[in-house]
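Residue numbering restarts at 1 for every chain, and letters A, B, ... go by the order of the sequence lines.
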Amino acid sequence: MPEKFLQPYDPAATESRLYAEWEASGLFNPDECVRQGVTPAEAPTYSVTLPPPNVNGVLHVGHAYEDSLQDAVVRYHRMKGERTVWVPGTDSAAIATQSRVEKNIQKEEGKSRHDLGREELVRRVAAFAKESEGTILAQVRRMGASLDWSRYAYTLDEERVQAVAEAFKRMYDSGLIYRGHRIVNWDPKGQTTISDDEIVYQEEKAVFYYLKYGPFTIGTARPETKFGDKYVVMHPADMRYAEWKDGQTIELEWINGPITATIVKDESIDMEFGTGVMTITPWHSMVDFDIAERHELDKEQIINEYGKLLPIAGEFEGMKITEAREKIVEKLRAKGLVVKEEPYVHNIATAERTGGIIEPQIKLQWFVDVTKPFVIAHSEIPGIESGSSLTLKELMLAAVKHGGVTMPQEGFKKAYFHWIENLRDWCISRQIWFGHRIPVWYKDEEIFIGTEAPTGDGWAQDPDVLDTWFSSALWTFSTLGWPRQTNDLATFHPTSFMSPAYEILNLWVSRMILMSGFHLGQVPFKTVMIHGLVRDKQGRKFSKSLNNGIDPLDMINKYGADALRMGLLVGTAIGNDVSFDESRVKGYKHFANKLWNIARFILENTANTPEINIGRTTSNMTEGDEAILAACDALTKDVTLDMEEFRMYMAAEKIYHYAWHELADKILEESKPILAGTDEIAKQSRASLLLLLLTRTLKLLHPFMPFVTEEIYQSMPTKDANYLMVAKWPV
RNA sequence: GCGCGGUUAGCUCAGUUGGUAGAGCGCCUCGUUGACGUCGAGGAGGUCGUAGGUUCGAUCCCUACACCGCGCACCA
């Protein structure tokens with residue numbers, strides 16, 4: 001028995017060494033597994049893409065949980081003998097990273113991005129991203145994640161930049177990307193558009209005003225936008241206003257004097273709300289914009305990009321809307337136009353990253369059209385025929401509906417469908433500087449779209465960058481070399497499994513399905529297992545602003561990576577949130593040591609076993625031994641089924657229970673008299689049995705606690721591979 | 001307003017086709033020159049949110065309600 005077993009198990013001394021060995025062995029790479037003969041060349045493939053962490057800080061235990069889940073799945077499939085690849089990567093996360101660096105610069109140097117200029121800011125953000133990347137990759141390695149580092153990708157590296165430009169061009173050429181004046185969510189603080197999904201709603205107590213608008217009374221919570229309102233809208237079936245006809249004009253006294261207003265009848269009006277009459281502000285409201293489009297009405301801008309009133313506001317020009325509101329109401333009161341005021345609670349839209357209050361604006365932006373039909377030349381997606389015509393929306397629905405992508409959790413599937421059904425065109429341009437620059441150049445009236453800048457003078461590239469999710473959406477195949485027709489792409493795509501948190505189901509999962517469907521005619525992954533969030537003790541999400549993140553490295557240093565992995569996995573039903581509980585991690589550190597001692601006992605007592613004689617062919621096997629073996633086989637079967645059905649938390653708990661309360665508590669105890677006895681045949685038989693049981697336990701446990709199991713396995717006389725990592729999963 | 005998830009031991013959470021419940025940590029008692037004090041043996045602690053229903057039997061299935069969280073919508 002090696003001397004190391006005389007000491008308690010020491011994760012710190014073991015884990016980094018083992019990870020380095022694994023990495024050096026090349027066995028994280030399926031090609032290398034084939035080359036070394038541990039995986040058959042014709043074995044089925046299993047591929048997983050790591051959801052790339054954002055390079056804007058450090059990982060917290062939520063990431064550690066995600067890594068533990070995936071690594072368990074990946075290690076299981078690798079041991080099953082499949083050509084298994086887990087592709088690592090990181091995400092530049094355009095807006096998140098830039099805004100973080102901007103904040104730092106503002107705080108430390110008192111400078112804004114405009115003080116620095118585009119080039120300098122991008123340089124600084126990239127430097128920050130690089131540093132962050134180093135930290136993150138070190139953290140991921142310490143977790144024991146068996147990622148194939150030879151396939152590492154970054155969303156903003158050269159290959160991915162090419163892929164993004166190519167994707168943009170192909171979609172533009174198919175008419176699915178267009179540029180147009182549309183109403184978008186404008187963040188006055190961040191000075192950029194953001195998508196619907198980057199909005200956080202906050203409840204606000206406000207006042208709801210009823211204002212006299214000629215013969216009508218209109219309701220509004222935003223009097224400061226009302227300057228330009230010259231259309232008054234009501235439902236065509238509202239009998240209270242039957243005397244007014246669509247298109248009829250009326251003269252009335254308004255905030256800054258007399259105006260001419262036009263009656264509009266539109267069915268979108270809720271007769272029950274307020275007075276059933278409203279005026280519209282198409283430039284600053286999605287709903288109003290839609291009404292204006294339907295009736296071809298004029299649209300006027302009231303508020304500028306900095307949240308200040310424009311000249312149309314007359315005496316209020318240049319005021320911030322928040323301070324203008326009171327003054328405008330005062331004036332309205334003085335003119336006798338305020339009929340009634342009542343308290344009112346509503347949600348205001350704020351930008352997730354900057355906290356700025358969203359002001360809808362009409363802007364010239366780039367969009368992905370989700371409702372325009374296109375012909376899909378080639379499709380392997382169930383429910384979609386090659387050569388058929390469909391929209392991106394239909395594609396996203398069909399891929400899940402017909403089982404191309406399986407989403408085992410019905411609840412999330414429902415949420416997915418609901419989101420897609422309400423989907424609007426995806427605004428993909430962002431007025432920031434860090435990220436994928438839009439691959440479009442302008443010269444007078446000419447426009448050029450390409451992966452390289454056009455030749456000739458006078459071309460200017462679009463200043464905007466793409467929404468970060470545009471590049472993330474290509475991730476499952478851009479990491480495999482697309483648009484080149486690589487071996488990897490042919491071998492590993494569609495990928496097998498993806499496990500993101502539910503908060504990015506819409507942001508990311510749906511868009512991967514969109515992009516993969518359009519560009520490859522494939523689904524991006526066959527199974528998507530949505531997991532929950534790890535929260536802090538108070539049940540809050542980990543966030544940089546709360547600074548409540550827990551660094552996995554602190555936990556690993558204290559208890560070991562195996563313990564952290566078990567502490568996060570066991571007792572966490574997939575899809576549910578959990579509060580991080582350090583005491584659980586502590587408990588599994590004890591378990592690692594328990595396992596160590598089980599190994600010590602068995603190795604000590606089998607050291608003199610002259611011939612390892614394992615298996616059912618042992619002719620001296622007693623009934624008791626048979627029962628023990630049968631129980632172990634039953635466990636193996638059970639655990640294997642759990643793994644196949646992604647119940648990692650169940651599998652892990654079962655092996656834990658078996659190792660401690662069966663193997664150690666019962667089998668080892670009852671073995672003591674046998675091993676101390678004089679019946680040599682019984683002794684040998686028992687010794688063989690114990691070695692078998694320990695080997696089996698190590699294998700079943702390896703996907704969850706890779707380090708301690710590998711370390712013990714290395715000392716086992718029953719090794720059937722150089723590394724437990726590639727040893728054969730028991731059947 | 002619509003939808004989704006949760007409500008189980010002091011705390012954090014499991015509970016896979018319905019047979020009155022488990023893990024870790026914490027607590028109590030005893031023990032240990034024994035593979036293991038990062039331990040062992042034993043124990044206390046739960047009317048499984050509430051009220052109905054289905055069933056021989058419900059933590060589990062159905063209905064309603066309450067509270068917590070989340071998503072979507074509204075936000076004139």
Under-4.0 Å side-chain N/O to phosphate OP1/OP2 contact, Lys672(A) with A35(B):
yes
Are side-chain heavy atoms of Tyr76(A) and Glu644(A) found at a separation under 4.5 Å?
yes
Can you see if the side chain of Asn347(A) gets near the phosphate of A73(B) - specifically, an N or O under 4.0 Å from OP1 or OP2?
no
What nucleic acid atoms does Ile269(A) come within less than 4.0 Å of, heavy atoms only: base, sugar-phosphate, or nothing?
base
State the pairing partner of C4(B); accept Watson-Crick or G-U wobble contacts with both distances under 3.5 Å, and report none otherwise.
G69(B)
Partner nucleotide, any strand, of A14(B) [Watson-Crick/G-U, under 3.5 Å]
none
Looking just at side-chain N and O atoms, do Thr527(A) and Thr406(A) make a donor-acceptor pair shorter than 3.5 Å?
yes
Does the side chain of His418(A) get closer than 4.0 angstrom to OP1 or OP2 of A73(B) through an N or O atom?
no
What is the distance from CD1 of Ile199(A) to C1' of G71(B), rounded to the nearest Å?
14 Å
Just call it for Asp270(A): base, sugar-phosphate, or nothing, with non-hydrogen atoms closer than 4.0 Å on any strand.
base
Between U16(B), G24(B), A35(B), which one does the side chain of Arg584(A) approach most closely?
G24(B)
Using the P atom as the reference point in each nucleotide, state the distance between A9(B) and G46(B) in Å, no decimals.
10 Å
Should the ring pair Trp660(A) and Tyr656(A) be called parallel, tilted or perpendicular, given that the plane angle runs from 0 to 90° and is split at 30 and 60?
tilted
Base, sugar-phosphate, or nothing: which does Gln202(A) touch, judged by heavy atoms less than 4.0 Å apart?
nothing
Contact nearer the 5' end of RNA chain B, comparing Arg600(A) with Gly411(A):
Gly411(A)
Sugar-phosphate only, base, or nothing, as touched by Ser579(A) at under 4.0 Å among non-hydrogen atoms
sugar-phosphate
Under 4.0 Å between a side-chain N or O of Tyr656(A) and OP1 or OP2 of G24(B)?
yes
Quick one: look up who G26(B) pairs with, Watson-Crick or G-U, both distances under 3.5 Å, and put none if it's unpaired.
none
From the options G26(B), A35(B), C39(B), select the nucleotide whose nearest atom is closest to the side chain of Lys586(A).
G26(B)
Would you call Ser715(A) and Leu603(A) a side-chain contact if the rule is heavy atoms closer than 4.5 Å?
yes
Output the single nucleotide from U38(B), U16(B), C36(B) whose closest atom is nearest the side chain of Pro8(A).
U38(B)
Over all strands shown, is Lys589(A) touching base, sugar-phosphate only, or nothing at heavy-atom distances under 4.0 angstrom?
base
Taking the P atom in each of A21(B) and U17(B), what is the distance between them to the nearest angstrom?
15 Å
Look at all strands and tell whether Lys654(A) reaches a base, only sugar-phosphate, or nothing, counting heavy atoms closer than 4.0 Å.
base
Just call it for Phe412(A): base, sugar-phosphate, or nothing, with non-hydrogen atoms closer than 4.0 Å on any strand.
nothing
If U59(B) has a Watson-Crick or G-U wobble mate with both distances under 3.5 Å, name it; if not, just say none.
none
Roughly, in whole Å, what's the span from CD in Gln7(A) to C1' in A35(B)?
14 Å
Using the C1' atom in both, what is the distance from G49(B) to A44(B), to the nearest Å?
25 Å
Below 3.5 Å, does any donor atom in the side chain of Glu669(A) face an acceptor in the base of A41(B), or the other way round?
no
Contact nearer the 5' end of RNA chain B, comparing Ser268(A) with Asp10(A)
Asp10(A)
Between Thr281(A) and Asp229(A), do the side chains contain a donor N or O and an acceptor N or O under 3.5 Å apart?
yes
Rounded to the nearest angstrom, tell me the gap between atom CD1 in Ile602(A) and atom C1' in A35(B).
9 Å
Measuring only the P atom in each nucleotide, how far is U16(B) from U59(B)? A whole number of Å is fine.
13 Å
Counting side-chain heavy atoms from CB outward, which of A35(B), C25(B), C36(B) is closest to Ser583(A)?
C25(B)
Is there a side-chain contact between Tyr649(A) and the phosphate of G15(B), meaning an N or O under 4.0 Å from OP1 or OP2?
yes
Re A64(B): Watson-Crick or G-U wobble partner, both distances kept under 3.5 Å, found to be U50(B)
Distance, P atom - from G57(B) to G42(B), rounded to whole angstrom
36 Å
Inter-nucleotide P distance (C56(B), C65(B)), Å rounded
28 Å
In the structure I gave you, are the side-chain heavy atoms of Arg535(A) and Phe580(A) within less than 4.5 Å of one another anywhere?
no
Applying a 3.5 Å limit to both distances, which nucleotide forms a Watson-Crick or G-U wobble pair with C75(B)?
none
Does Lys414(A) make a side-chain N or O approach to OP1 or OP2 of G5(B) shorter than 4.0 Å?
no
Among U16(B), G6(B), C25(B), which is the nearest nucleotide to the side chain of Asn576(A)?
G6(B)
Determine: side-chain N/O of Trp660(A) to OP1/OP2 of G40(B), distance under 4.0 Å, yes or no.
yes
Is Ala415(A) touching bases, backbone alone, or none of the nucleic acid, heavy atoms closer than 4.0 Å?
nothing
Heavy atoms under 4.0 Å, any strand shown: does Phe5(A) hit a base, just sugar-phosphate, or nothing?
nothing
Return the nucleotide paired to G45(B): Watson-Crick means purine N1 to pyrimidine N3 with N6-O4 or O6-N4, wobble means G-U with N1-O2 and O6-N3, both under 3.5 Å.
none
Can you tell me the base-pairing partner of G31(B)? Count Watson-Crick or G-U wobble geometry only, both distances below 3.5 Å, and say none if there is no partner.
C39(B)
Look at all strands and tell whether Val233(A) reaches a base, only sugar-phosphate, or nothing, counting heavy atoms closer than 4.0 Å.
nothing
C1' spacing across the pair G43(B) / U47(B), given as an integer number of angstrom
22 Å
With heavy atoms under 4.0 Å as the rule, sort Ala349(A) into base, sugar-phosphate or nothing.
nothing
Please examine the side chains of Trp244(A) and Ile250(A), heavy atoms only from C-beta on, and report whether any two atoms are closer than 4.5 Å.
yes
When the distance from CG of Leu564(A) to P of U12(B) is rounded to whole Å, what number comes out?
20 Å
Any donor-acceptor pair under 3.5 Å joining the side chain of Asp581(A) to the base of G24(B)?
yes
Can you check the Tyr210(A) OH to C75(B) C1' distance for me, whole Å?
13 Å
Between G40(B) and A23(B), how many Å separate the two P atoms, rounded to a whole number?
13 Å
Using a distance-only test with no angle check, is there a side-chain donor-acceptor pair under 3.5 angstrom linking Tyr502(A) and Gln409(A)?
no
Picking from A41(B), C39(B), A35(B), the nucleotide nearest the side-chain atoms of Asp665(A) would be A41(B)
Does the structure place the NZ or CZ of Lys340(A) under 6.0 Å from the centre of the six-membered ring of Tyr210(A), at an angle of no more than 45° from the ring's axis?
yes
Geometric cation-pi criterion Lys299(A) and Phe289(A), 6.0 Å radius, 45° cone
yes
